[in-house]
Amino acid sequence: QVTANVGQFGTYGGDLLLNMRTKKINYSIGADYNNRVFKGDAHALRETYQAADTTRLSSAGGYERNNIMWGVRGGLEFELDTNNVIAVTGRFGERSMGATGNYAYDETSQVSGYLSQYNSYEQFDRGGVFYSVNGTWTHSFPTEGHTLTALFDIGSRNAHETSENKLTET
């Protein structure tokens, strides 16, 4: 099975899954990759009322966010006999997300007439590697619907993150 997707702003991705079954063993292997891009404009107005003063903070700007994720997976399922099945699966991959934004701010006070104008450049990156290994043993008893299942799951996700915000007066 192969799927693909395409979207706005250069978004694309796809995955592949291969499955093969013999009389006693089921094999599967797969891979996926996705690049998601989000762009937009942001406008905000915040007013703070305190006694006889009103402070206004308005901002306008744009942002772009990118999410990239890829992974590989595989599994084996063994039918030991008519009552016992053992399965082991695994997945490994990496994910990353980044964003940038540029915003212009205007801050005013109704009473003092104070005006502050500045620009904000924001950037952040986050990502990491992940893996998981899963196992299942299922025993079916002679009475229909009665089973005993044992599971194990081992996995990890690590992450790194950086964030930066630069303000400059205009």
Next item on the list: Run the salt-bridge test on R91 and D32 with the 4.0 Å N-O cut-off and return the result as yes or no.
Entry: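 Judged by the 4.0 Å cut-off on N to carboxylate O distance, R91 and D32 do form a salt bridge.
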Item checked: Electrostatic pair K166:E122 at N-O distance under 4.0 angstrom ->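 The answer is no: the pair does not qualify as a salt bridge.
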Note to self: Checking K23 against E79 for the side-chain contact (heavy atoms from CB on, under 4.5 Å) test, could you report, in this order, the C-alpha distance in whole Å, the side-chain angles of both residues, the deciding distance, and whether it holds?
What the structure shows: CA-CA 8 Å; K23 187 173 181 178; E79 186 177 318; over 6 Å; no
Looking at [atom1] of [X] and [atom2] of [Y], how far apart are the two atoms once the value is rounded to the nearest 0.5 Å?
{"X": "S28", "Y": "L76", "atom1": "OG", "atom2": "CG", "value": "7.5 Å"}
{"X": "Y33", "Y": "D15", "atom1": "OH", "atom2": "CG", "value": "14.0 Å"}
{"X": "Q50", "Y": "Q110", "atom1": "CD", "atom2": "CD", "value": "13.0 Å"}
{"X": "N19", "Y": "N26", "atom1": "CG", "atom2": "CG", "value": "4.5 Å"}
{"X": "D41", "Y": "H43", "atom1": "CG", "atom2": "NE2", "value": "5.0 Å"}
{"X": "E107", "Y": "Q117", "atom1": "CD", "atom2": "CD", "value": "11.0 Å"}

For the residue pair [X] and [Y], establish whether any side-chain heavy-atom pair is separated by less than 4.5 Å.
{"X": "Y121", "Y": "T100", "value": "yes"}
{"X": "M97", "Y": "F124", "value": "yes"}
{"X": "N134", "Y": "F152", "value": "no"}
{"X": "V88", "Y": "T136", "value": "no"}
{"X": "Y27", "Y": "T22", "value": "yes"}
{"X": "Y63", "Y": "Y103", "value": "yes"}

So which atom in [X] and which in [Y] form the shortest heavy-atom distance, rounded to 0.1 Å?
{"X": "G128", "Y": "H160", "result": "N-CE1, 4.0 Å"}
{"X": "L45", "Y": "S58", "result": "CD1-CB, 3.9 Å"}
{"X": "F130", "Y": "W70", "result": "CZ-O, 4.0 Å"}
{"X": "G10", "Y": "N35", "result": "O-ND2, 3.8 Å"}
{"X": "K24", "Y": "L80", "result": "NZ-O, 4.0 Å"}
{"X": "V111", "Y": "D53", "result": "N-OD1, 3.0 Å"}

So does [X] have more than 12 non-hydrogen atoms from other groups sitting under 6.0 Å from [atom1]?
{"X": "E164", "atom1": "CD", "value": "yes"}
{"X": "E161", "atom1": "CD", "value": "yes"}
{"X": "I29", "atom1": "CD1", "value": "no"}
{"X": "Q8", "atom1": "CD", "value": "no"}

Next item on the list: Determine whether the aromatic ring centres of Y105 and Y118 lie less than 6.0 Å apart.
Entry: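 Ring-ring flag for Y105/Y118: true, centres closer than 6.0 Å.
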Does any N or O in the side chain of [X] come within less than 3.5 Å of the main-chain N or O of [Y], such that one atom is a donor and the other an acceptor?
{"X": "N67", "Y": "R36", "value": "no"}
{"X": "T143", "Y": "H146", "value": "no"}
{"X": "N158", "Y": "V129", "value": "yes"}

Next item on the list: Would you mind telling me which of L151, V85, N84, T149 makes a side-chain contact (heavy atoms from CB on, under 4.5 Å) with W137?
Entry: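 The option that passes is N84.
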Margin query: Under 3.5 Å, is there a donor on one side chain and an acceptor on the other for N83 and H139?
Written below: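 No, no side-chain donor-acceptor contact under 3.5 Å.
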Notebook entry, point to check: Using a distance-only test with no angle check, is there a side-chain donor-acceptor pair under 3.5 angstrom linking N102 and S120?
Noted result: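 Not at all, the side chains of N102 and S120 share no donor-acceptor pair under 3.5 Å.
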Item checked: Test salt bridge (Lys or Arg N to Asp or Glu O under 4.0 Å) applied to R21 and E77, step by step -> CA-CA 9 Å; R21 189 176 224 7; E77 182 181 272; 3.6 Å; yes
